[in-house]
Amino acid sequence: MNSAAKSKLETNAIHVENVLHRYSKSDPDSQMFIPEWQVQRGQQVFLHGESGSGKTTLLNLLAGVLIPDEGAITILNKPFSTLKAHKRDKFRADHIGVVFQQFNLIPYLSVLKNIQLANHFSSTHLDNVNELAADYVQKLKLPADIFHQAANSISIGQQQRVAIARALINKPELLLVDEPTSALDEAAKDAFMRVLTEVCQEAGTTLVFVSHDMHLKQFFPASVEMSELIAQKEGQ
Amino acid sequence: MLVSLAWNSLKSRKKSVILTFLSLLISISVLLSVEHIRLQAKESFNRTISDVDLIVGAPSGQLNLLLYSVFRMGSPTNNIYFKSYEALKNNPQVEWAIPISLGDSHRGFRVMGTNGTYFTHFKYGNKQTLSFAQGEPFGRLFQAVIGADVANKLGYKVGDEVVIAHGTGSTSFTHHDNTPFTISGILKATGTPVDKTVHVSLKAIEAIHLPAPQQASLLGDPSLVDELTPDSVTAVMLGLKTKFAIFKLQREVNNDRSDKMMAILPGVALNELWQMISTVENLLRVISVLILISSLFGLSTMLLASMQQRQNEIAVLRVLGAGPHVIFALVLIEALILVGLAIVAATGLVSLIITLLSDWLSAQYGLFLSANLVQVEVMVVYAVIVIASVITSAIPAYDAYKSALHSTLSAK
């Protein structure tokens, strides 16, 4: 490997190489193969794909909740997909933030406890979780008194924004977001997107945003189609 | 953090959690009380009498004799002659003999006629003799010494007058009103049926049963007291000079042709009593263990049923970096919190119930229970409960572990 290639690798937040995922053990044809995909550090990428195109599966692979059957995923220069399970969990807690479509929060805990919980599982034990959380709450345009409300008592839009605060509390280098706006109305969607991209920009966080909604593409400098990533595995 | 998470999770499922808690509370209480009563009953039985080698009474069964002479339960079937007592007392192998005469009561407490040897030679617990909290043994005819419970319950003190009733019920229609007794002494608490007894002299027992005219003349002329000799006693407790003589004397007593008598060894009779009770007690133990197991399965079912609705929660914890073992621990901690609280509450409840019922239990069954549950054997029960709950809740915890392994971001 020459030095140019090496330095390029170091600036990668995500590097996917020859990754094969089989959906089912019994049916070898039902699989997803990605020859190569890279996302640079600090980049904000819109990953577009129709339902069933495998985008959530890819996100699961990137988050290390699924492990590729073949190939390698390198996250922040760590051979993420070959780490031992508990190391992968730890790495995720420290370096990757995740926001789902919905149900991002533990419903019975307060907003503050939800945010504190994220810090609890990471090795960056912050002394100032509460101040940092207050800071995000302000940036995400949430009411200041939201902290002590139960997570299931606030609106979906607010829950999604709390989820971002929760995902960012450990200052992760990578934020994975899966259809976070699907439960929001149009106006709330735009406000949410602006806040999300701004906060990530400010923190220098790499953002991978997955959606089937082409309308949201306008908020991102770069976008990629799921169909472009996937290829037929050679020899099959 | 994990404990607070588990606690909040339990709080979020209040209804099913409270029902499970109650079921655990009841089953653990049952188990604890059975175990506690078993241990305490054994101790309480064994401490009732000590250092008495033989008890001699009218022939019946050895349990019957033991029950009425020592536990003051049931009714004496028959009496033995007073001269038989005197013969026993003068037997060269006998060191001391305590005569007892039963059949009367004072407001539900048994009255026992005896003499001074009772206060010097009767032993309970670990060879402890009786001692006085106040006053002294009865000296004059109509004096009585009462047990600690009698004094507490009826608020008596030395110098008070009491009237004895015929028969052993708490309500009686024949009162020996003409012959009130003055309390001369109050015994220290022993935790045995002695506490529930009113002690008077054998002569006093004789005197209150005299026909009215003779009684009147007796009351008029105290010198007649010396002529008062009882015809019979209910039983005699014997202490021998040497333990080797026990069986020989027992045989002699059983074969005595001058009076119908039987002699029993209190230890052997206690053992027989205990064995009779232990069958029932083992049955109770089995039942209470079964109840515990069923409520632990209830706990496990409650946790398993909640797993379905907690898929999202588990997915969230997973992406936050909680490994499957953390999810396993979380479910286990929930179960242990619930069981721990139930153990604490059950201990409190059982202690409270025993405190409230102790008077009734000692009066009805001669059981003296301590409300203090913290003993080694009960600790073992606690440990067994905790281990059993860890085992049963490992099932839902493993379920959560597996679902954590397979949980993905697309949790819906």
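All values reported here derive from a predicted model rather than from experimental measurement. Hydrogens, waters and symmetry mates play no part in the numbers below; they use all other heavy atoms, side chains included.
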**Student:** How long is the span from the CG atom in B:Leu320 to the CG atom in A:Asp89, to the nearest 0.5 Å?
**Tutor:** 11.0 Å
**Student:** Go through the atoms of A:Leu105 and report whether side chain, backbone, both or neither lie under 4.5 Å from a heavy atom of chain B.
**Tutor:**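 Only the backbone of A:Leu105 comes within 4.5 Å of chain B.
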**Student:** Under 4.5 Å heavy-atom distance to chain A, tell me which part of B:Arg13 shows up: side chain, backbone, both or neither.
**Tutor:**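 Neither the backbone nor the side chain of B:Arg13 comes within 4.5 Å of chain A.
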**Student:** A:Glu179 versus chain B, heavy atoms under 4.5 Å apart: side chain, backbone, both or neither?
**Tutor:**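 Looking at A:Glu179, nothing touches chain B.
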**Student:** May I ask you to check whether over 12 heavy atoms, not counting those of A:Lys171, lie within 6.0 Å of atom NZ?
**Tutor:** no
**Student:** Quick check for you: among A:Ala93, A:Ala167, A:Ala163, A:Ser122, which has the greatest number of heavy-atom pairs under 4.5 Å with chain B?
**Tutor:**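 When all of A:Ala93, A:Ala167, A:Ala163, A:Ser122 are compared, A:Ala93 has the most.
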**Student:** Should we say atom CH2 of B:Trp7 is surrounded by more than 12 heavy atoms from elsewhere, each under 6.0 Å from it?
**Tutor:** no
**Student:** Non-hydrogen atoms of chain B under 4.5 Å away: do they reach the side chain of A:Arg166, the backbone, both or neither?
**Tutor:** side chain
**Student:** Is there side-chain contact between B:Asn312 and A:Phe100, with heavy atoms separated by less than 4.5 Å?
**Tutor:**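 Contact flag for B:Asn312/A:Phe100 side chains = no.
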**Student:** If you define the side chain from C-beta out and look only at heavy atoms, does anything of A:His120 sit under 4.5 Å from B:Leu5?
**Tutor:** no
**Student:** Between CZ of A:Arg92 and CZ of B:Arg318, what distance do you get to the nearest 0.5 Å?
**Tutor:** 5.0 Å
**Student:** Quick check on A:Ala85 against chain B: is it the side chain, the backbone, both or neither that has a heavy atom closer than 4.5 Å?
**Tutor:**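 For A:Ala85, neither part sits under 4.5 Å from chain B.
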**Student:** Does atom CZ (B:Phe297) have a neighbourhood of more than 12 heavy atoms from anything else shown, all under 6.0 Å?
**Tutor:** no
**Student:** Does some side-chain heavy atom of B:Glu313 sit less than 4.5 Å from a side-chain heavy atom of A:Leu109?
**Tutor:**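 Heavy-atom side-chain distance check fails, nothing below 4.5 Å.
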**Student:** Quick one: are A:Val98 and B:Val316 in side-chain contact, heavy atoms under 4.5 Å?
**Tutor:**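 No, side chains not in contact.
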**Student:** Taking atom NZ of A:Lys139 as the centre, report whether more than 12 heavy atoms of other residues, nucleotides or ligands fall under 6.0 Å from it.
**Tutor:**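 Above 12, so yes.
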